[in-house]
Amino acid sequence: MGGTQITLFAMPLIAVLALDADAWEMGVVKAAGATAPLLLALPAGAAADRYERLSVMHGANLGRLVVLVTIPLLFWGDLLTIWVLALAMLVIESLTLLFDSARSAYVPSLVPKRSLSHANSWIQGSVAVGDVAGPGAAGLLVQLLSAPVVLLIDAATYLFSSVMIRTLPRRRPDGENGHEPPLRAIRLGIALLRRDRVQFPLTLAAAHSNLFHAMFFTLFVLYAVRELEFSPTLLGATSVVSGATGLLAVATAPWLMERVGHGRTAILTFAVPGPVALLVPLAAGVQQWAAVGMVTVALGTWSYAVVVNLVVCETVKQALVPGEFLGRVTATIRLLSWGVEPVGALAGGAVAMTALGTGGTLVLACAGLTGSVLWALRREVRTLTDLGEPAQDGDRGADAAPAADPGT
């Protein structure tokens, strides 16, 4: 997971520092990566339910490695442009989507349902460790070696991932998905989500949140570097706290689910990020030590909420969705909840070019984030405490409830 974080940290820095990107071009790069769910979410989910899942993860890792080696070579050959960087982001995010769909479907085949919350906490713990090591290491390495060299180092993390995956037992999907027509498989995943009275509102909340999440983080690096005058090292250091609070979230998420309930825990995680994110635009004009503190608190609290959200939503989904449908349900959720990100990214870049400016656009994004919780306030979500048993194919009423995946 650290490799993913280094990629997401280094690519915008290449755009800003090496290609002198403006706000609109930053929006283009972000939107290109965010377009992947629109194009490939449903086929990726069908593939994760059709083929052996470790092989799918291996293929995704190999593809990401090739792209990350190619970008520095193009840069040193003076062939790298914003449009090439945007294409690279599209390919990397597409392969990440494929990897994650297969991984989400693979986990329940290894652990019993009663252990899913702890298993997902460990998985998100690896993400949080990546959040700690990734941005901090990337910021320092970019300062010392340049962003293209950092991408070469990053490429090696995907090779390491595949080596670790080889130690796991292979699991083919259950049921008859290997013989199911791809279009029928995709349609079934959509239908399962649409008629679910817990899943669907949480997915809408996730889509709303991700729209403004994309708007915010399209501009965050640009704002931090140019308005707050953060160096790459300082920017990476402030992000390290995000990973640390992510680790705290991993440790406390199962406890929160037990004490507060799965649904109410999800609601809280949608409500928190918007207000705390206001600290970032408010950091302009204060002394740098204070700005660092404000940005650190904002990113750390946001990270805590996101990690808890990921744990609770992944747990509910894996507990209630039969294994042969998990890839498709995951991909359908991500089509809806991640598919809005190109709109948010382009909107962020466009609005920042107006009189509102970068800071004003960040404030707008914070207000939008706060509104996402309204979708999740339905009674079926508030009262979700008992995960029950997975529904069977052909017996999926409105109460069959895989969880929302915010994808943030």
Spacing of CG belonging to Leu79 relative to OG1 belonging to Thr70, to within rounding of 0.5 Å: 12.0 Å

Side-chain donor/acceptor of Thr354 to backbone N/O of Ala350, under 3.5 Å: no

Side chain to side chain, Val311 and Met257, heavy atoms closer than 4.5 Å: yes

Polar side chain donor-acceptor pair, Tyr223 to Thr361, under 3.5 angstrom: no

Working for side-chain contact (heavy atoms from CB on, under 4.5 Å), residues Phe230 and Val292: CA-CA 9 Å; Phe230 283 16; Val292 170; 3.9 Å; yes

Trace of the side-chain contact (heavy atoms from CB on, under 4.5 Å) decision for Val297 with Val276: CA-CA 8 Å; Val297 169; Val276 299; 5.9 Å; no

For Thr269 against Ala266, the heavy-atom pair lying closest together: OG1-O, 2.6 Å

Student check: side-chain heavy atoms of Ser161 and Ile165 closer than 4.5 Å: yes

Whether Gln288 side chain and Glu229 backbone form a donor-acceptor pair below 3.5 Å: yes

Thr265 to Leu256 - nearest heavy-atom pair and separation: OG1-O, 3.4 Å

4.5 Å side-chain heavy-atom contact, Leu151 and Ile14: yes

Atom of Ser337, atom of Asn210 and distance for their closest heavy-atom approach: O-ND2, 2.8 Å

Interatomic distance, Leu362 atom CG to Phe217 atom CZ [nearest 0.5 angstrom]: 9.5 Å

Heavy-atom side-chain proximity of Val67 to Tyr158 below 4.5 angstrom: no

Smallest separation among heavy atoms of Ala102 and Val56, with atom names: CB-CG1, 3.8 Å

Candidate pair Val381 and Trp375, rule side-chain contact (heavy atoms from CB on, under 4.5 Å), full reasoning: CA-CA 10 Å; Val381 177; Trp375 296 101; over 6 Å; no

Sidechain-backbone polar pair: His208 side chain, Gly368 backbone, donor-acceptor under 3.5 Å: yes

Validation row: Thr245, Thr301 side chains within 4.5 angstrom (heavy atoms): no

Sub-4.5 Å side-chain heavy-atom contact between Phe220 and Val295: yes

Contact check, side chains of Val363 and Leu278, non-hydrogen atoms, under 4.5 Å: yes

Ser162 side-chain N/O to Leu159 backbone N/O, donor-acceptor pair under 3.5 Å: no

Main-chain N/O of Ile92 paired with Arg64 side-chain donor or acceptor, under 3.5 Å: no

side-chain contact (heavy atoms from CB on, under 4.5 Å) between Trp83 and Val28, intermediate numbers included: CA-CA 8 Å; Trp83 300 106; Val28 169; 3.6 Å; yes

Approximate separation, where rounding is to 0.5 Å, of Leu204 CG and Ser209 OG: 12.5 Å

Separation of Leu384 CG from Arg197 CZ (nearest 0.5 Å): 12.5 Å

Nearest-0.5 Å distance, CG of residue Leu248 to OG1 of residue Thr252: 5.0 Å

Approximate separation, where rounding is to 0.5 Å, of Trp289 CH2 and Met294 CE: 10.5 Å

Parallel, tilted or perpendicular: ring planes of Trp302 versus His213, cut at 30 and 60 degrees: perpendicular

Minimum heavy-atom distance between Gly359 and Pro281, given as atom pair plus value: O-CB, 3.8 Å

Shortest non-hydrogen separation from Val198 to Glu380 and the atoms involved: CG2-O, 3.5 Å

Note, Tyr304 side chain near Val272 side chain (heavy atom, < 4.5 Å): no

Whether over 12 other heavy atoms sit under 6.0 Å from Arg226 CZ: yes

